[in-house]
Amino acid sequence: MIEVRNLTKEFVKYEKEKGLKGLVKGFFNAKKVVKKAVDNISFTINEGEMVGYIGANGAGKSTTIKMLTGILTPTSGEVRIDGIIPYQNRVENAKKIGVVFGQRTQLWWDLPLSESFLILKEIYEMPDAFYEEQMSFFNRILNLDEFIKSPVRTLSLGQRMRADIAASLLHNPKVLYLDEPTIGLDVNAKQRMRDAIKMMNQKYNTTVILTTHDLDDIAELCNRILIIDNGKVIYDGSLHEIKEKYGTTKRIEFEVRDELNDESLNLASVFNVHPDELEITREDKKLSIVFPKLKISVAQMTEEILRRFDVQDISIFDADIERIVARIYDEGKVTL
Amino acid sequence: MKRFLRKYGAFAKGSFEVAVMYRVHILLWVFGDFFSLGLTILLWVAIYANSPTEMIRGFTLIQMIFYNLIIHLTGSITYMSPLSDVAEDYYDGRISMSLIKPASYAIQLFFRNLGNNLFSNLFITLPTFLLIAAVSLATHQTESLAWLSFPVFLFSSLLGLFINYFANFIFSNLVFYTDATFGMFQLNQAIVRIFSGALIPLNFFPGWLRSLAGFLPYAGVQYIPAMILLGRTTGNDLLSAIGVQVLWVVFLGVAAQLVWSHSLSRMKVMGG
């Protein structure tokens, strides 16, 4: 469905020196700097897959998405979406895709929401029956009727996002691109968005590409993630696998009866590990410890803390996906 | 064809609805427009009052007043302003939202402007036309206008609309290659205003400027249709004037397509 082969995008930047002198100098002779925003990436996504595409800011995510949607022309390499080359056949490709760019709306700002949908109906050349069917479906799962007569500029963020997701799926596209779709939304709104996306995928086998910093979105929706860093794809596999193999830490939260004083725990020397390998956080009656599970067992750590404190409650967690990803962003690589 | 019109007509509908949405917006636009027309006419009255001759460059005061009224008419008939749209779309990054739709951006833009053009025709052209008719009757100057040429005038104005649109659209592509828009707008507006005859009739220009105006397309936007309706361009001159307009439409249309393709392939879409 989506084939990406050796995709590269270079941007030319003109670097000017600092200050007024540099500005004038730069006017005549600026230094040309070539930046590789996307560096020789390749992957294949099959129909119906829900893929998370994550990376630090500036890693090349948006640039990739812009090439996939046909907005940007690659410097080299190949992209095919359902057989079509998007930047060569932008209009053809656009018929089959839906896009939600979280920060921006595709709706008509000043007009009532209903007008936007009617305009989109004509743009996507939808027959009346199909349009009615889709509108009632989205009205049901996203409760659009509440605000469908209001101008888009008067909508709350949550309402606008719901409207945008309906707009992106109105014509039943084969591929849905989501860029930060739940940004700024409250817990309930986030859940509704995720449900709508899941429903479309189940009902129509819509392929979904999700770019987000919200790893809960990824956890709930995606069975596969691609991590991009500095223009290169450094991981392509399942979420499960990354947790399994890369999640080498465990976290235990202890709730103790007495307020913790400032005494040093000295756990590093107790367990014979480097202090950097432990992450200890203390807050009121809660003590949280992150430790390497291959060097210290859960039993050992628990035993030690029970011995020293009057423990009221214990919670044990696997490595946070956040932590794993943060480390990947920091290190720029995944060693499995 | 019908599908094409339904699809792109939707964009025109959108921009027209936005234009008429705010009553104050309508009032201010119309008021400001006619206010400046009034001022211009008063200016000419003052000029003629101080002129030793009744005729200046072939125009009596009445004829000059009609010229300005008709220029006002052609101005609103050919009103197309893609420059601000393109600049806004691009710098905001919202051009990406237009590019993900299954419609050519260039054609989307044309129809968006058509929506505003419709607004201009409803709220400015119509009243101006009535004003011209009223002034004609009131001053018993019904021969000042070549009413029989009206259909030709309309056709010529239609060509003028396309010339105006393509020329402005080509200019707006600069937005993709440079960061400085403010000066650009003023520059383009000034050039169009002067060379379309909106400021003063082109035959007022000194020789070298008149020649320059002949090499630019802008005369075809307003001056040519205005001269036709004033009955000052007739017969063979009229045919060649229309011919010149047609050539400009074709030439600029092709140039617009080429320039746009180039811009699109090199485009760096903001945001992300």
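Chain identifiers are assigned alphabetically (A, B, ...) following the order of the sequence lines, protein sequences preceding nucleic acid strands; residue numbering begins at 1 within each chain.
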*Using 30° and 60° as the class limits, which term best fits the ring planes of W29(B) and F119(B): parallel, tilted or perpendicular?*
tilted
_Under the rule for ring pair (Phe, Tyr, Trp, His ring centres under 6.0 Å), what residues qualify as partners of F129(B), not counting sequence neighbours?_
F150(B)
*Answer with side chain, backbone, both or neither: which region of K61(A) has an atom nearer than 4.5 Å to a non-hydrogen atom of chain B?*
neither
*asked:* For the backbone of V259(B) and the side chain of S263(B), can you confirm whether one donor and one acceptor N or O come within less than 3.5 Å of each other?
replied: yes
*Examine whether an atom of M267(B) lies under 4.5 Å from a heavy atom of chain A, and if so say whether it belongs to the side chain, the backbone or both; otherwise answer neither.*
backbone
_Contact winner vs chain B - T211(A), T69(A), V99(A), L120(A), heavy-atom pairs under 4.5 Å_ = V99(A)
*For the residue pair F169(B) and F162(B), is the inter-centroid distance of their aromatic rings smaller than 6.0 Å?*
no
*Using a cut-off of under 4.5 Å on heavy-atom pairs, state which of H171(A), K95(A), E115(A) scores highest against chain B.*
E115(A)
*R3(B), Q108(B), K13(B): which one forms the most heavy-atom pairs within less than 4.5 Å of chain A?*
R3(B)
*Strictly by modelled atom types, are Y165(B) and N117(B) linked by a side-chain donor-acceptor pair under 3.5 Å?*
no
*chain A heavy atoms under 4.5 Å from Y22(B): which part of the residue, side chain, backbone, both or neither?*
side chain
*Residues S15(B), N116(B); criterion side-chain hydrogen bond (donor to acceptor under 3.5 Å, both in side chains); working and verdict*: CA-CA 6 Å; S15(B) 63; N116(B) 287 319; 4.7 Å; no
*Residue selection (most heavy-atom pairs with chain B, distance under 4.5 Å) from T73(A), L111(A), I65(A)*: L111(A)
*What part of P74(A) lies closer than 4.5 angstrom to a heavy atom of chain B: side chain, backbone, both or neither?*
neither
_Part of S116(A) within contact of chain B (heavy atom distance under 4.5 Å)_ = neither
*Which region of Q106(A), side chain (C-beta onward) or backbone (N, CA, C, O), has a non-hydrogen atom less than 4.5 Å from a non-hydrogen atom of chain B, or is it both or neither?*
both
_F11(A) six-ring centre to K9(A) NZ/CZ under 6.0 Å and within 45° of normal_ = yes
